[in-house]
J.: 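Can you read through this structure? Questions will come right after.
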Amino acid sequence: MSFTLAALPYAYDALEPYIDAKTMEIHYSKHHQAYVDNLNKAIAGTAHENEGLDSLVKNAGSISPAVRNHGGGHWNHTFFWESLKPGGGNPVEALEAEINVSFGSVDALKEKFNAAAMARFGSGWAWLIRNEAGKLEISSTPNQDNPLMDVAEVKGKPVLGLDVWEHAYYLKYQNRRAEYVAAYWSVVNWEKANELFIK
Ligand code: MN3
């Protein structure tokens, strides 16, 4: 089985001005494509050739560094595109209620998530997850690791995830990661996040 790059669910310029079209184009068509291609190379001819992406990611630490990096890269970017939408909005339904229980307010959630995104040194991701106890939790992972992986320090199911690699924001924001992180909240797909939370 070979993995392929799914179509972006919106146009490259759909998230302007928060995420610019050129960044989206390069991020999706070059970076994400490279993770897909390198994942396919990493599993070709191995015992993992016919394994699904979720299973590869879950066991990434015991399979190989290449599967961890590129399988994680493919999973994380697929998740990221789906977790964004033009227009953004506010948390909805069960997720909104649980955010208020877990964090006190949506603003408090954002503050904690932003802090995790800013504290990630170098490349990685910030996450809002539903942890193994069923509660919401903020975490962050290095490189292309994610909270589903056997190697994750904090494990759970991603509800939101933000790419804080420089390739995700450098063209528009240069070294101003904080501005990119703040802009992210204007394009969050909260309906998708709620679906993931209640699943
Ligand atoms: Mn990226």
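Each ligand, and each atom within it, is numbered from 1 in the order the structure gives.
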J.: Are His27 and His167 an aromatic pair, judged by ring center distance below 6.0 Å?
T.: yes
J.: For Phe3 together with Tyr35, are the ring centres under 6.0 Å from each other?
T.: no
J.: Below 2.8 Å, can you find an N, O or S atom of His32 next to the Mn ion (ligand 1)?
T.: no
J.: Is any N, O or S atom of His31 under 2.8 Å away from the Mn ion (ligand 1)?
T.: no
J.: How about Trp125 and Phe80: are their ring centroids closer than 6.0 Å?
T.: yes
J.: Among the N, O or S atoms of His27, which one sits nearest to the Mn ion (ligand 1)?
T.: NE2
J.: Could you tell me which N, O or S atom of Asp163 is nearest to the Mn ion (ligand 1)?
T.: OD2
J.: Out of Leu196, Val154, Val159, which one pairs with Ile129 under the side chain to side chain contact (heavy atoms under 4.5 Å, CB included) rule?
T.: Val154
